[in-house]
There are 2 protein chains.
Amino acid sequence: MTIDPPGLAEETASRLRNAIIGGALPPGQRLSETRLAADLGVSRNTLREVFRLLTREGLLRHEPNRGVFVAVPSMASIVDIYRVRRLIEVPALAHAWPRHAAVARMQAAVDAARAARQAQDWRSVGSANMEFHAAIVALTDSARLQAFFAQVVAELRLAFGLLDSPERLHEPYIDRNGEILDLLAAGQQARAAEVLAAYLDNSERVVLEAFARLG
Amino acid sequence: MTIDPPGLAEETASRLRNAIIGGALPPGQRLSETRLAADLGVSRNTLREVFRLLTREGLLRHEPNRGVFVAVPSMASIVDIYRVRRLIEVPALAHAWPRHAAVARMQAAVDAARAARQAQDWRSVGSANMEFHAAIVALTDSARLQAFFAQVVAELRLAFGLLDSPERLHEPYIDRNGEILDLLAAGQQARAAEVLAAYLDNSERVVLEAFARLG
DNA sequence: TGATATAAATTGTTGAACAAAAATATTGTA
DNA sequence: TACAATATTTTTGTTCAACAATTTATATCA
């Protein structure tokens with residue numbers, strides 16, 4: 001059906017990544033090589049290559065001679081992730097060129113989030129919000145920064161999957177993203193960066209609180 | 001002799017990484033799976049896992065159905081790498097705590113660089129300088145940032161390997177690093193960050209010029 | 001019950017196999 | 001000779017089967 005070359009391992013990694021982020025495989029879950037290879041319809045060797053990819057992305061944890069497990073997000077990892085986000089996103093926005101191509105991506109993401117809100121589809125709201133922030137990083141035109149950020153976002157979404165009440169987690173930020181976009185489009189980068197910084201502080205606090213409630 | 005578990009693939013990756021950065025395998029070189037596997041004394045399967053690791057690090061380039069090649073650094077990649085370095089290193093230094101444990105690492109790196117200069121060992125000077133900057137990133141206490149930076153540094157060293165006159169490339173920065181360290185230790189983070197920013201601008205220009213001379 | 005020995009399952013790694021694609025050599029022809 | 005078409009060889013992409021080393025589960029005994 002679908003063309004797999006080049007990269008059956010990459011394609012499988014993508015499927016497994018979605019399964020993890022989508023919550024089909026809960027954090028801490030142990031992944032048996034033989035069983036999962038059979039389920040995914042690939043060989044053990046190929047699956048091991050997939051494991052390496054996702055381990056490097058922070059989605060899996062590998063314990064020698066014991067196997068691989070779906071990573072369990074910790075408070076420390078969340079704090080670290082938000083530190084990285086602040087460091088990358090805020091300067092990206094502050095130095096942005098308001099007519100950069102990525103601005104259209106930001107706009108599309110805001111529109112998508114609002115549409116998903118209409119449909120009460122909070123998971124899609126979360127995806128759209130993350131796409132908004134990926135677009136912010138794209139303002140830098142740095143391939144390496146974008147790849148790194150994508151990885152960090154995948155980890156963060158893993159943590160989001162653990163938390164309940166996705167509405168409280170995503171809804172408040174849709175219009176804030178719209179506000180940031182408007183400020184950028186109006187050439188007020190500095191102001192936009194300020195709003196983003198406050199956004200990130202707030203979001204981190206909410207996530208950490210929800211996490212603490214999980215015990 | 002050496003214990004390989006856990007991770008013969010990782011150990012092999014490390015060896016191959018050194019071979020690439022050390023210049024034993026020139027950029028653009030094609031790496032035959034069977035031949036290299038025999039040379040390294042590992043199986044083809046294991047070597048392919050190694051290839052994935054180093055490809056993700058940017059040290060190898062993979063062309064489907066054609067094989068893997070040692071990456072060829074470009075001007076664009078150098079510009080991108082320096083952008084990333086500025087974005088990460090300068091704020092790391094600006095917000096640093098002068099009594100952080102990583103300051104000792106910075107001091108050790110400066111000492112090592114000076115010792116290597118005495119011995120006219122410019123390759124070691126380069127290594128020590130890079131270790132200095134890795135220590136700067138360690139000031140952030142962010143595991144993700146440190147891992148990302150290590151990757152970027154590996155790529156940069158690949159580019160350095162292409163250039164001749166390593167003295168001109170590394171010597172001028174030894175004492176600048178010392179100056180940055182002294183400023184930080186004296187609690188003048190802002191001043192240290194300024195010097196670092198100028199350092200990076202200057203270094204980028206030198207590298208790009210040397211690159212241009214290569215044609 | 002609790003510690004210990006035995007058995008079963010799992011990981012880490014290798015080697016061989018084979019289809020598909022690419023690189024190379026060979027041939028046929030103007 | 002030069003050039004295109006064809007056949008041959010070499011590589012990559014992927015799977016499967018095997019086996020030692022290690023971990024986990026099970027059974028045994030004081």
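Every chain is numbered from 1 and lettered A, B, ... according to where its sequence line falls, protein lines coming before strand lines. Quick note: numbers below take in every heavy atom, side chains included, and nothing from hydrogens, waters or symmetry partners. From a predicted model like this one, the values you see are computed outputs, not experimental measurements.
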Measure the distance from [atom1] on [X] to [atom2] on [N] and round it to the nearest whole Å.
{"X": "B:F51", "N": "D:dG13", "atom1": "CZ", "atom2": "C1'", "answer": "13 Å"}
{"X": "A:E49", "N": "C:dG12", "atom1": "CD", "atom2": "P", "answer": "14 Å"}
{"X": "B:H62", "N": "D:dT12", "atom1": "NE2", "atom2": "C1'", "answer": "8 Å"}
{"X": "A:E11", "N": "D:dG13", "atom1": "CD", "atom2": "P", "answer": "16 Å"}
{"X": "A:L47", "N": "C:dT13", "atom1": "CG", "atom2": "C1'", "answer": "16 Å"}
{"X": "A:L8", "N": "C:dA19", "atom1": "CG", "atom2": "P", "answer": "18 Å"}
{"X": "A:E33", "N": "D:dT23", "atom1": "CD", "atom2": "P", "answer": "15 Å"}
{"X": "B:L40", "N": "C:dT13", "atom1": "CG", "atom2": "P", "answer": "14 Å"}

Is it true that B:E63 and B:R61 make a salt bridge, defined as a side-chain N closer than 4.0 Å to a carboxylate O?
yes
Under 4.5 Å between any side-chain heavy atoms of B:V207 and B:F160, yes or no?
yes
Check salt bridge (Lys or Arg N to Asp or Glu O under 4.0 Å) between B:E204 and all other residues, then give those that pass, not counting sequence neighbours.
B:R86
D:dG13 base / B:N65 side chain donor-acceptor hit below 3.5 Å:
no
For A:G67 and A:N45, take the nucleotide of DNA chain C holding the closest heavy atom to each; which residue's nucleotide lies nearer the 5' end?
A:G67
Answer with base, sugar-phosphate or nothing: what part of the nucleic acid does B:R30 contact at a heavy-atom distance below 4.0 Å?
sugar-phosphate
Quick one: is [X] getting a side-chain N or O under 4.0 Å of the [N] phosphate, OP1 or OP2?
{"X": "B:S32", "N": "D:dT11", "value": "no"}
{"X": "B:T46", "N": "C:dG12", "value": "no"}
{"X": "B:R44", "N": "C:dG15", "value": "no"}

Result of checking A:I81, A:V137, A:I88 against A:V152 for side chain to side chain contact (heavy atoms under 4.5 Å, CB included)
A:I81
Backbone N or O of A:P73 within a donor-acceptor pair of the A:S77 side chain at under 3.5 Å?
no
Nearest to the side chain of A:R48, heavy atoms from C-beta on, is which of D:dG13, D:dC16, C:dT11?
C:dT11
